[in-house]
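Lettering follows sequence order; numbering is per chain, from 1.
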Number of protein chains: 6
Amino acid sequence: MRIKVVNPNTTASMTAKIGECARAVSGPGVTVDAVNPPSGPVSIESHYDEVMCAPGVVQEVLTGEVEGYDGYVIACFGDPGLLAAREVASGPVVGIAEAAMRTAGYLGRSFSVVTTLERTIGHTRELTTSYGVAGQCAGVHACEIPVVELETDPLARATVLAACESALQQDGSDVLVLGCAGMADLAAHVSGQLGVPVVDGVVAATLQVEALVRMGLRTSTRGEFATPPIKDRIGV
Amino acid sequence: MRIKVVNPNTTASMTAKIGECARAVSGPGVTVDAVNPPSGPVSIESHYDEVMCAPGVVQEVLTGEVEGYDGYVIACFGDPGLLAAREVASGPVVGIAEAAMRTAGYLGRSFSVVTTLERTIGHTRELTTSYGVAGQCAGVHACEIPVVELETDPLARATVLAACESALQQDGSDVLVLGCAGMADLAAHVSGQLGVPVVDGVVAATLQVEALVRMGLRTSTRGEFATPPIKDRIGV
Amino acid sequence: MRIKVVNPNTTASMTAKIGECARAVSGPGVTVDAVNPPSGPVSIESHYDEVMCAPGVVQEVLTGEVEGYDGYVIACFGDPGLLAAREVASGPVVGIAEAAMRTAGYLGRSFSVVTTLERTIGHTRELTTSYGVAGQCAGVHACEIPVVELETDPLARATVLAACESALQQDGSDVLVLGCAGMADLAAHVSGQLGVPVVDGVVAATLQVEALVRMGLRTSTRGEFATPPIKDRIGV
Amino acid sequence: MRIKVVNPNTTASMTAKIGECARAVSGPGVTVDAVNPPSGPVSIESHYDEVMCAPGVVQEVLTGEVEGYDGYVIACFGDPGLLAAREVASGPVVGIAEAAMRTAGYLGRSFSVVTTLERTIGHTRELTTSYGVAGQCAGVHACEIPVVELETDPLARATVLAACESALQQDGSDVLVLGCAGMADLAAHVSGQLGVPVVDGVVAATLQVEALVRMGLRTSTRGEFATPPIKDRIGV
Amino acid sequence: MRIKVVNPNTTASMTAKIGECARAVSGPGVTVDAVNPPSGPVSIESHYDEVMCAPGVVQEVLTGEVEGYDGYVIACFGDPGLLAAREVASGPVVGIAEAAMRTAGYLGRSFSVVTTLERTIGHTRELTTSYGVAGQCAGVHACEIPVVELETDPLARATVLAACESALQQDGSDVLVLGCAGMADLAAHVSGQLGVPVVDGVVAATLQVEALVRMGLRTSTRGEFATPPIKDRIGV
Amino acid sequence: MRIKVVNPNTTASMTAKIGECARAVSGPGVTVDAVNPPSGPVSIESHYDEVMCAPGVVQEVLTGEVEGYDGYVIACFGDPGLLAAREVASGPVVGIAEAAMRTAGYLGRSFSVVTTLERTIGHTRELTTSYGVAGQCAGVHACEIPVVELETDPLARATVLAACESALQQDGSDVLVLGCAGMADLAAHVSGQLGVPVVDGVVAATLQVEALVRMGLRTSTRGEFATPPIKDRIGV
């Protein structure tokens with residue numbers, strides 16, 4: 001089984017880290033390749049970034065179809081391009097936000113999300129409604145570290161941990177969800193320090209794709225997610 | 001006052017029609033210009049189309065800022081790129097789906113949407129949740145005419161009318177909402193035939209932008225919709 | 001076009017102020033007349049007041065039909081008598097609470113309401129549910145100034161501003177909504193001080209009526225809002 | 001214990017019937033008096049009727065306070081004036097719609113309402129939301145008999161029964177709720193014919209008031225429902 | 001009329017207290033018997049306890065059918081076994097949580113629950129959703145006194161009162177609901193001290209059963225709550 | 001890794017089939033053991049059955065802790081005893097209803113459930129609310145085959161298929177969910193015939209437990225799901 005993990009931003013070091021995290025949990029016989037689009041924003045921190053990165057994500061999935069992948073992960077917590085990717089992929093496509101937040105549902109009554117910048121909280125809240133987890137999401141909190149500085153800021157690890165601790169106390173929640181693919185390597189550390197389950201969406205989504213492929217399940221082609229109608233696309 | 005109406009698809013004849021409809025209702029002293037991006041899909045009928053057209057929509061708004069527009073309409077019933085456009089515009093931005101559905105709220109208890117293809121119903125329903133009108137939306141119905149054929153199919157007018165009549169009966173609703181910018185010229189006809197208010201989003205959104213500008217209101221820059229952070233965008 | 005703005009309370013000085021605010025934004029060729037019922041409570045601050053003022057509001061609309069008005073505004077944040085007025089008016093009727101709160105939806109993710117007395121918060125919250133904006137309303141806050149003292153209390157302006165600032169901080173919202181027609185003249189001041197959009201329902205509702213009339217739209221007569229059945233009304 | 005049952009309309013024969021039904025279930029030592037306002041609409045079938053009858057309802061409660069009643073029932077399925085009555089009564093006040101629909105919650109998963117005219121369905125649905133029973137209300141159905149004809153139409157009994165049977169089949173519900181005080185005498189008949197529990201709000205509300213008084217419970221005076229502020233009421 | 005009040009735990013002193021409270025409010029001609037299962041947990045403070053006590057509750061109702069009871073109260077705030085009891089009883093069955101929370105709806109806009117241990121809050125919140133009162137429940141608060149210590153801890157009365165006062169202030173609610181059958185004797189004291197209505201579910205449920213029996217209403221047998229199919233039960 | 005699959009009913013042949021289905025998808029190195037309690041109902045088709053089987057389910061998990069299992073599946077679509085099992089297990093516990101319905105969320109906009117008897121639909125709907133999937137569940141349909149006859153009725157396969165086809169057409173949904181562990185072997189057949197993804201909860205839950213264990217995740221012990229307090233349990 002071959003899974004393609006698409007990092008929607010163009011920061012190669014983050015793509016590498018995401019690939020490592022995904023491979024660390026995937027089962028025997030599963031190949032995980034992590035890629036990012038050749039062009040686009042270096043991080044996704046606004047609606048503008050979401051719009052600009054989504055065509056690249058979908059293109060990576062279209063390419064993946066030629067390459068023969070069995071399923072796809074979209075590795076950005078805004079799940080950009082997810083529904084479009086489902087229309088064009090022949091295997092399952094899972095976003096890390098949906099995977100992380102649904103996984104949290106198996107582990108307790110409620111979860112808190114800790115994400116990067118405060119300006120992304122509105123979009124995350126909208127996703128909780130789309131995915132049906134709004135009632136389980138006790139809070140969304142920003143640590144105010146920009147995505148790319150998660151890798152460079154020497155205090156990032158401590159700042160994320162502090163934001164997680166504060167979120168737990170403020171929300172009285174059972175579970176933490178890390179709200180950025182760039183935090184994928186922090187889950188074990190935070191869980192060890194705070195004594196609660198901490199869900200990273202990269203590994204949750206990768207295992208979810210693996211499970212769907214094993215069950216022979218893919219996106220329904222019955223209506224909304226059927227292959228899009230062929231049409232002229234001027235100038236594209 | 002100058003309002004820029006952006007048709008997210010690249011069908012120029014539809015752009016022209018949208019402009020005419022908007023100008024027919026705008027007040028004295030208001031200039032309305034209708035445009036479409038130079039490249040992109042000729043119609044928006046899938047999540048894939050939404051993703052592919054959105055960068056062009058945002059680019060038109062960015063250009064509009066240089067051109068000195070006071071506000072913007074996004075003239076496709078999926079409201080593609082709306083939130084991103086709000087981040088980059090200095091004046092208000094209104095989508096035709098939100099304007100049509102909120103306008104319907106002033107006219108009765110419930111409304112029915114009649115749109116083009118069935119595959120777009122899911123996205124419309126998601127918008128009703130985002131805009132808080134899910135409880136007022138009694139149904140979303142497809143007439144199964146592709147967007148571009150609204151202008152070429154000689155039976156389009158009759159087919160849309162029949163779908164509207166059927167929607168009213170099935171839903172027991174008070175108001176009709178036309179679910180495609182390409183239907184903007186049909187509102188008066190359908191209303192005359194069926195005896196209920198029929199809301200077209202193109203005119204509703206244009207008048208909403210005019211009203212917001214007159215009140216001196218624009219998108220809040222306090223958090224989520226502040227100007228996006230400047231960053232490297234590889235290959236863009 | 002002639003719009004009748006009905007102030008549901010009997011305080012003439014407030015009626016005058018409301019009329020000025022409405023006229024300041026209405027378009028060329030639009031006549032705005034502000035009136036109040038000849039009898040009833042001097043302010044609306046309880047369910048009892050709502051019940052006692054509503055017949056007067058509806059009577060003003062019935063009179064307006066004879067006078068030939070094209071549309072109506074109900075200028076009290078509880079929107080008293082709104083649905084009944086829609087049954088008897090031949091043009092559109094818009095309440096200032098619904099107009100203000102729906103307008104806020106075009107300007108950000110969430111809004112906070114600042115109103116007069118704490119005892120009215122429950123009614124406002126119920127309206128947010130009726131209008132579908134409960135998910136966007138981040139909070140309702142009282143400044144504890146009775147309605148009639150908004151005009152006489154020399155500290156009113158400062159107290160409302162302080163309540164607005166506190167609401168923004170507490171709720172983390174994007175937009176402010178002024179929860180009383182008697183605050184109609186404070187919107188620009190508060191917006192200037194706090195740097196966020198501030199929506200006053202009087203102007204929002206007036207422009208909404210103007211837009212509906214221009215679009216040829218009025219309340220549906222298909223069911224719930226058809227003219228009420230003629231019947232004996234003993235002793236009335 | 002003395003309970004005052006207020007019929008909001010001015011049809012004395014209906015008031016008499018309501019009184020009989022309430023007295024048939026009230027406990028030993030409980031006096032039930034049924035009254036109606038001296039003026040107002042003969043039946044409540046529109047938002048206009050609701051507005052016009054509500055001051056009379058509240059006045060009956062104010063009079064009741066002087067007369068020394070322990071609690072009040074508002075005996076019209078729209079619960080007109082309920083919240084205002086709670087502000088001015090020193091004992092509990094219960095509407096028949098809220099009592100009927102909450103009572104149904106003890107008897108099954110879901111209930112169907114059968115009411116008089118279709119135009120009142122919207123208001124009933126809004127009440128289901130206010131009372132928290134929207135998720136349990138499987139449908140609201142009209143038998144299209146005007147309120148006053150419930151007493152005069154020789155086919156009324158059969159028509160209501162047929163509407164109830166149809167509602168059960170269409171909704172797959174467990175329980176029926178009669179949506180008009182004028183149907184209070186039909187509950188046993190319909191239940192006997194259809195084999196499901198049938199809740200009439202008049203008796204449910206009367207017993208609820210009796211229970212609240214026995215428990216020493218009345219409306220909270222802590223905030224929203226405190227006695228309304230004393231104020232000038234011009235011309236009243 | 002004979003009502004059987006089933007205390008789901010096996011603490012006889014609590015059963016006695018519950019019986020006294022219920023008898024204190026029940027009407028003339030009503031016999032109230034309070035019992036508890038012969039085996040099971042001494043208090044219900046976890047999902048595990050809920051599961052272990054429920055068969056005993058249902059067995060008490062089955063026995064009650066032979067004994068000829070007209071209706072049943074389940075006197076634990078988690079309402080364990082309620083739906084199963086409805087399937088096997090020929091009279092109505094009411095849980096104290098549903099009765100208390102629905103009763104609160106007649107007394108104000110919102111209520112706060114004060115319960116025993118924090119770990120039970122999640123279950124209580126789930127009940128508010130099931131019963132349709134989630135929108136009215138302003139908060140659920142724990143006083144951190146284990147159930148059995150309500151009777152032995154000399155500070156219990158003061159601790160519960162303090163938790164109630166804090167809940168009111170924090171939630172801004174109108175009404176208090178006591179979240180444990182073991183607090184049934186504290187309602188009057190708390191209400192007297194804090195000046196708000198305080199609802200105890202034991203008396204509310206007993207009076208609700210009495211009212212249902214008087215109205216001739218019992219659980220619908222139309223579908224979900226019909227007598228369960230007879231089947232082999234291995235080893236039972 | 002060792003996973004214990006608990007069939008809550010006492011029908012050994014069903015337990016065997018469940019075990020086979022689970023083993024067919026589990027990964028290399030995963031041992032799956034399927035068991036059922038020694039006593040209890042032979043099938044779960046009522047609230048009464050749910051109550052009677054739950055102690056046996058929890059006991060199997062307690063035993064599993066001694067036996068050293070890493071995680072548990074509860075293999076009945078009502079998920080009986082799930083929350084209690086989470087309190088006592090040191091590894092993750094997943095119910096087949098939650099796993100099936102959350103899995104469906106990755107495959108389309110909406111799903112339909114096809115279950116056994118109509119009387120269980122209410123419980124299933126309540127689970128959709130608890131799990132946050134009510135908005136995605138387009139319908140719950142009964143094929144009216146009792147659980148134990150799924151194995152003996154020669155027409156069962158055809159009847160389930162017909163109910164699935166009818167559900168798809170009626171609901172316009174994208175995905176089917178099989179609402180009984182006894183249907184676990186029908187998923188591939190139904191999917192092949194109807195051309196949509198068909199989710200069986202037994203395999204979905206087994207793979208979910210496997211994924212959780214691989215990620216090192218288990219139920220939070222922070223509050224509600226901490227080990228229950230030790231207490232006297234009279235007569236147990």
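Across C:Thr221 and B:Gly195, no two heavy atoms sit closer than the pair OG1-O, 4.5 Å. Closest non-hydrogen pair, C:Gly223 versus B:Asp174, comes out as N-OD1, 4.3 Å. Taking each heavy atom of B:Tyr106 and C:Leu212 in turn, the nearest pair found is CB-CD1, 4.0 Å.
Interface remark: C:Ala99 contributes backbone and side-chain atoms alike to the contact with chain B (heavy atom separation under 4.5 Å). For B:Leu83, the part lying near chain C is the side chain, with the backbone staying farther off; criterion is any non-hydrogen pair under 4.5 Å. Proximity to chain C (any heavy atom under 4.5 Å) is shown, for B:Pro92, by neither the backbone nor the side chain. Neither the backbone nor the side chain of B:Ala24 comes within less than 4.5 Å of any heavy atom in chain C. Within the 4.5 angstrom heavy-atom criterion, only side-chain atoms of B:Phe225, from C-beta onward, approach chain C. Using a 4.5 Å cut-off between heavy atoms, B:Leu194 does not touch chain C at all. Contacts between B:Val198 and chain C at a heavy-atom distance below 4.5 Å involve the backbone alone (N, CA, C, O). In this structure, no portion of B:Ala188 lies under 4.5 Å from any heavy atom of chain C. With a 4.5 angstrom heavy-atom cutoff, B:Ser130 touches chain C only via backbone atoms.
Per-residue heavy-atom pair counts under 4.5 Å with chain C were compared for B:Leu168, B:Asp200, B:Val199, B:Thr103, and the maximum is reached by B:Leu168. Taking chain C as the reference chain and counting heavy-atom pairs below 4.5 Å, the highest number among B:Gln208, B:Gln136, B:Arg218 is found for B:Gln208. Per-residue heavy-atom pair counts under 4.5 Å with chain B were compared for C:Val175, C:Val133, C:Val94, and the maximum is reached by C:Val94.
Considering CZ of C:Arg102 and CZ of B:Arg102, their distance stands at 9.0 Å, rounded to 0.5 Å. Remark: B:Arg222 CZ to C:Ser173 OG distance equals 6.0 Å, nearest 0.5 Å.
Under the 3.5 Å distance criterion, the side-chain polar atoms of B:Arg214 are left unmatched by any main-chain donor or acceptor of C:Leu207.
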